[in-house]
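Below is one structure; the comments refer to it alone.
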Amino acid sequence: MKVLRRLWQALRHLSGDDAYERYLAHHRAHHREAAAMTRAQFFRSEQTRKWNSGPQRCC
Amino acid sequence: MRSVLAWGLVALLGAGAFGAIALHRGETVNGVWFVLAAVCWYALAYRFYSAFVTARVLAVDPTRATPAERLEDGRDFVPTHRWIVFGHHFAAIAGPGPLVGPTLAAQFGYLPGTIWILVGAVLGGCVQDCVILFCSTRRDGRSLGQMARDELGAIGGAAALVGVMTIMIILIAVLGLVVVNAMKHSPWATSTVAATIPIAVVVGVYLRALRPGRVLEATVLGVALLLLAVAAGGWVDHHPLLRGWFDHDATPLALAVIAYGFAAAVLPVWLLLAPRDYLSTFVKIGAIAALAVAILVLMPEVKMPALTPFIDGTGPIFGGKLFPFVFITVACGAISGFHSLIASGTTPKLLSSERDIRLIGYGGMMMESFVAVMAMVAACVLDPGVYFAINAPAGVVGADAAAAVAKISSWGYAVSAEQMAGLARDMGEQTLFARTGGAPSLAVGMATLFASAFGGSLLAAWYHFAIMFEALFILTTLDAGTRVARFMLQDLLGNVYAPLGRTGWTPGVLLCSALVVGAWGYFLYIGTIDPLGGINSLWPLFGISNQMLAAIALCVATTILVKSDRARHAWITAGPLAWLVLVTSTAAWEKLFSPELRVGLVAHARDLSAKLASGSIPADKLHQTSQLLVNDRINMALTALFLVITWLLVLETARVCWRWRQGRLDPPLAEAPYVRSRLPA
């Protein structure tokens, strides 16, 4: 059971599904004073950041 | 002692598997030997050679803070777990190249391509990726172009930039041609590929507006829709009216792909590009895993011989002798210059420790090389006669089935028109003849394997699934590549006219996108009207430019090794560099000056102009022939450019290294200063 849960967590981590949770954790730890982005805002900003830098895909 | 014994056994097993492949003198050899040889070879290379490279040559320092740690900003620079970084890096470098290249290289038989995939990757490609990743990490994630400028000077930087832009254009054009050739006169394939566009939009809207950030949910939705699209394609195929809508010749399809490329490059990222990217990554990984399982379960017999007579240069799929063209054709399966862009892109900004460079840099490329081995096996499980019938262009074997089978059988590869017709029916296609570009023959191979391994004889569905999977991530490479090339162009033109450099300025975006799409669209269009099959000229051009970029990367790597007092070990990059320069120079020379019409551009152009002058071209082909002639001249210019750039970089490298050895330390080594890491080990 625990193995399955670990596998599921790994899948969420690899696919980027838990990116918002990780952002919230980072935010709580380092930038408590500012307001955290909502899930929608965070996802939007991540996408912009990802697609505005360098080659994404190879041959 | 136990470890020595264990590795000794691995070596023995690998040698045995290699022997089975190389020395086999029977009818067929089993595909499992390929997998076994590859796995043992990679295990040994990773355990010993990558350890040597990272520990002794590069001297990676786990105590050193990586840029992700030093410059952590929660956005670009984020220390990330090594397997996550591996996943991102592999997803970025794994493109259609290792699937198409080995399939085409099978023209020479399975042996030369397989050997180069294994040896070239372990000694060349993996080393390049690993060393460039290291160099970029030590320079706070600087790109290849920037590193070339820093370490080699302005000429190096400029050459790298020009190299990258031209490769992108040709890469996109040839990949576009591969997709077009799979879709031409195939309503099922065309409707399925067309469906991927609205499906991507649906997923994009889902992720943007409905359930932001729920990647797994959106992926499940998208994959379900894609499978539905594959099934629906079969229904369209049998529907007399709808069939007509999706049945098109190559040139109109090329125009559709061009229109798509432009739209994808200018529309907002979240609508088309990003969701396509998610879907294609997941589908790609799933399909490759399924292929590996199918090969292991089925243990198929490889019917292609180890060597074919076409090593003498008379091959139908592309002209050129074994040396240098097997290396040019395999390209990404062994060494790919493009990977050095990825390895100096976002990956170095995610590393938590320099220790991870071995797994991600070396291991990532090894994985890609393994994909290439499986693609080779999948291509070679076909009857050689069928393989050639699918991949040989009409201009070589004749336009109708009877002429084609006669010609191919005369080469010693038995195939019959009934056999091809039956196979086409099984795959849900009107015809499989002259479906050049590697994708359809790979799809036939994969479909045969999947249908046998996973039960059910839905060959047509498996075939179109394979076509859809390849088209999916080819088109994603196409639109992502167009976008990157557009950024570079805007960057470049921004120096001339500032507003063009602003990525938000719509007229600039539209203009630059049009220029980029126009450039690759031109080569794609020519590819569709070329009677020799555009693959014959485009793929070698792509291969040469790709290997040239790899040479540029290795030049930068070698220079850095020499400048950081590791000249004694610089052979790890200088060796592959020398080989690449030899191969690309010979290939470029032959592409220019070979007397063979299907290889040499000068000879081909001369032949075309003679035919035009003598009036032996029929009136309806006059316009196309003069277009082909112009294209020959453009290709000549490009090939000469590649040759010049390669040698420019080599000479610059030699100059800088020589000066450095003489004590003239200029340009200085640009490494970031040492800072001790505070992350837990």
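Within every chain, numbering begins at 1; the chains are lettered A, B, ... in the order of the sequence lines, protein sequences first and strands thereafter.
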Which heavy atom of A/Phe43 sits nearest to which heavy atom of B/Val215, and what is that distance?
CE1-CG2, 4.5 Å
About how many Å separate CG of A/Asp18 and CG of B/Leu216, when rounded to the nearest 0.5 Å?
9.0 Å
Side chain, backbone, both or neither of B/Arg483 within contact of chain A (heavy atoms, under 4.5 Å):
side chain
Less than 4.5 Å to any heavy atom of chain A: does that hold for the side chain of B/Leu207, its backbone, both, or neither?
both
Within residues 25-40 of chain A, which residues come under 4.5 Å of chain B, heavy atom to heavy atom?
A/His26, A/Arg39, A/Ala40
Using heavy-atom distances under 4.5 Å, tell me whether B/Leu273 contacts chain A through its side chain, its backbone, both, or neither.
both
Using heavy atoms and a sub-4.5 Å threshold, report which of residues 6-13 of chain A line up against chain B, by residue number.
A/Trp8, A/Leu11, A/Arg12, A/His13
A/Ser15 side chain near B/Phe282 side chain, heavy-atom distance below 4.5 Å:
yes
Please name the pair of heavy atoms, one in A/Gln47 and one in B/Val269, separated by the smallest distance, quoted to 0.1 Å.
CG-CG1, 4.5 Å
